[in-house]
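To start, the structure under review is shown below, and the notes come after it.
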Amino acid sequence: MLRTARTQYSISITEDGHDVVLDHWGVPLGDAPAYSQLERIISHVTEPDVLPVEFASAGRRHTAFSELLVERADGGTGALWTFDPGPRVTSGGDGDELLLTAVDETGSLRLELRYRTSTAHDVVTRSATVVNDGTAIVTLPRAFSAGWNLPIGQRARVDYLAGSWAREFQRRSLDLEWGTFSIGGRDGITGLRFSPVVAVTGLDDGEHAPASDRPAYGIALAWSGSWRMSLDAPPVGEHIRVSCGVDDDTTTITLLPGESFSTPESLGVHSSEGAAELPALWHEYQRTLRREIARPVVYNSWMGTEFDVNVEQQVELARLAAGLGVETFVVDDGWFLGRTSDRDGLGDWTPDPQKFPNGLAELADIVEELGMSFGLWVEPEGVSPTSRLFAEHPDWIHRADGRPLLTVRNQYVLDFGRAEVVEWAEQMLRDVLGSARIHYLKWDMNRTVSDGGRAGDPHGREWAVQHARGYHRVMEMLRREFPDVVVEACSSGGGRVDAAVLARADVVWPSDQVGAPDRLIIQDGYLRAYPAWAMSSWVTDDPGHRDRRTVTLGYRFAVAMTGVLGIGSDLTAWTETERADAARMTAFYKDIRRIVQDGTVRTTGAPERNLYTVTFRGPKQDPRAVVFVFDGDRDRSRDRELPRVHPDGLDPDVTYLVEQTGERVTAASAAALGVRAPFTWAPDAEVLVLRPIG
Ligand code: DGJ
């Protein structure tokens, strides 16, 4: 039995020793009858096909999904494991760990299943290792991380996040009954299309919507490479299974004698109060991954200047940004040799002498004199066909078995599966970061790795795994060697947002969509699975392009303030009044940002519709609450009736005073009667600060 903060996760080895099965996952039940032992009628089906097997191997299961596919040199397939009966849970002060080991019937393969829990949160972390102890090559066409058994019957509501460039994290759901639903990405990165996380709630027969008191489960994969998650609702058995791991379509693992493969970690969390509670449980866990480093208010010049950067213009922007209260000034793409468009320059990471004749240090020093820190954009994995780097190392890029090269956004991708490439990237970053006083690094990655492969290399079909591991390794180097540098993860927007990135980056850029109403929809989806403390969000203006609907500057600030505030506009185009308003709102954000970044978040309504609220309840150190209200469709100046909103997430034991209106509210009164939103912040957005008074 493993303990989490509020739940119990119990497993056992079957009597024959061949499988590990789930006994209970949910509210603590102590020694109540185990789920796997409950009487069941099994007719025309083998037992392993219906048992809640934790990590199934083909050869043992015949009709149900298996996490592991094994192929041996002699043509044999599958594995029959015998688990060591003596596993022990090791309990530390703040959690439990369990290692289960098994050997297959030939004695040449070993399996290790790892479980980890903490009493600080409710997430169960699982992974597997397969070891080749034999003398022949073994291949694994599928080596998933875990199979999760959700004891909720045969029908479920599945909530997931999907989208595309500038439209990431759209919330979608489906009812799964007797079938399979699979999401994933084969891009070599986490991807823009699907997020590796689902919320699953049981639907009893006849129910159409999951009730809030129905158990819900969240499953995620902590992985930044190609991946797949498969949800199976079989017409036999009493549970839905979720299996996930590195993509089994493009990846085959090869184990030479003596080699082993360890999977990425998969995460599972249980809520006894429905899927609406899962975001808070994920955020609670993710807080344990983060580094305690200040996440600054950033100015980023990308939307203002794109590739057309130079030192004079950046200095002008920096002066204006400093006047707004910006803390870090970041030069985005375009600063390095030959980079005038997305066609050239990637790989040649020295400042373009025409744009920065005295290097980056000159600008970094001016930025520091202005009271800000300096930051820079890089794309270490990208390489332009015209670059010097590519001319010198044409063999360093991903290339599918010698086939014609493919460019996406006019670039190739360096193969981070090669040790020499990773070493080059590490040294390049050391050189860049050592060349000026740089305290912020935005790591971007602007294309899919759709053409990997290495013919002749026994591990050539693991390129996507190796690339992601190379990326993680360099990110870890940054954290180790440059602890004062805040690192932002980006991939054409939200293509690299996952739990493994959250353990290595300080902030993430969720989308290139900066039109505030559309961005709000993206952020609403993002917050279902990922935390506000990492959600970089800029105030910009891009009329007609991304800003499809006109909203006020106040609305745009409010959207960005629900995460880590940044500003990305061409500040030279702002009026004095706009700059003064921006400075006031930036100062306001600094006052409440601990509540946003260290608190808990709840939403009500839908961002597409009136009225949508995002409520943050502060931590012990600052127990205030902040309610953001968005109303993009109505013109409040013509509306005399002041609307009331029903924010969720206030402390039920506290009475609050709304600073803007003087109204007294409690969690119960907010739910029943609502809170007055006079829209004094802006005609289309309100920000209310609620101070505890008893
Ligand atoms: C994609 C990123 O998402 C943008 O913010 C910007 O950095 C561009 N790349 C630069 O090429």
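Order of appearance sets the numbers: ligands from 1, and atoms from 1 within every ligand.
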Legend entry - Option among R343, E381, R447, E379 that satisfies the side-chain hydrogen bond (donor to acceptor under 3.5 Å, both in side chains) test with Q411: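 Of R343, E381, R447, E379, side-chain hydrogen bond (donor to acceptor under 3.5 Å, both in side chains) with Q411 is met by E379 alone.
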
Legend entry - Minimum heavy-atom distance V432-I438, with the two atoms named: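 Closest approach of V432 to I438: O-CD1, 3.3 Å.
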
Legend entry - Minimum-distance pair of heavy atoms, taken over all atoms of W574 and S569: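 The pair with the smallest heavy-atom distance is CZ2-OG, 3.3 Å.
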
Legend entry - Heteroatom distance test (R409, ligand 1): nitrogen or oxygen, under 3.5 angstrom: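 In this structure, R409 places an N or O atom under 3.5 Å from an N or O of ligand 1.
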
Ligand 1 contact on [X] by region, counting heavy-atom pairs under 4.0 Å:
| X | answer |
| --- | --- |
| N300 | neither |
| S492 | backbone |
| E379 | neither |
| E488 | neither |

Inset, instruction - Under 4.0 Å from a heavy atom of C490: give me the atoms of ligand 1 that qualify, with their elements. - result: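 Going through ligand 1 atom by atom, the ones under 4.0 Å from C490 are 2 (C), 3 (O).
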
Inset, instruction - Heavy-atom contacts with G493 under 4.0 Å: which atoms of ligand 1 show up? List them by number with element. - result: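 Under 4.0 Å from G493, ligand 1 has these atoms: 3 (O).
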
Identity and distance of the protein heavy atom lying nearest [atom]:
| atom | result |
| --- | --- |
| atom 4 (C) of ligand 1 | D512 OD1, 3.4 Å |
| atom 9 (N) of ligand 1 | D444 OD2, 2.7 Å |
| atom 5 (O) of ligand 1 | K442 NZ, 2.8 Å |
| atom 6 (C) of ligand 1 | D332 OD1, 3.4 Å |
| atom 11 (O) of ligand 1 | D333 OD2, 2.6 Å |

Decide whether a cation-pi geometry holds between [X] and [Y]; the criteria are a distance under 6.0 Å from NZ or CZ to the six-membered ring centre and an angle within 45° of the ring axis.
| X | Y | result |
| --- | --- | --- |
| K355 | W335 | no |
| R290 | W533 | yes |
| R496 | Y471 | yes |

Inset, instruction - Let me know which of F588, F630, F557 forms a ring-ring contact (aromatic ring centres under 6.0 Å, His included) with W681. - result: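 Among F588, F630, F557, the one that satisfies the ring-ring contact (aromatic ring centres under 6.0 Å, His included) with W681 is F588.
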
Inset, instruction - Using distance alone, with no hydrogens and no angle criterion, decide if T386 and D344 have a side-chain donor and acceptor under 3.5 Å apart. - result: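 Yes, a side-chain donor-acceptor pair sits under 3.5 Å.
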
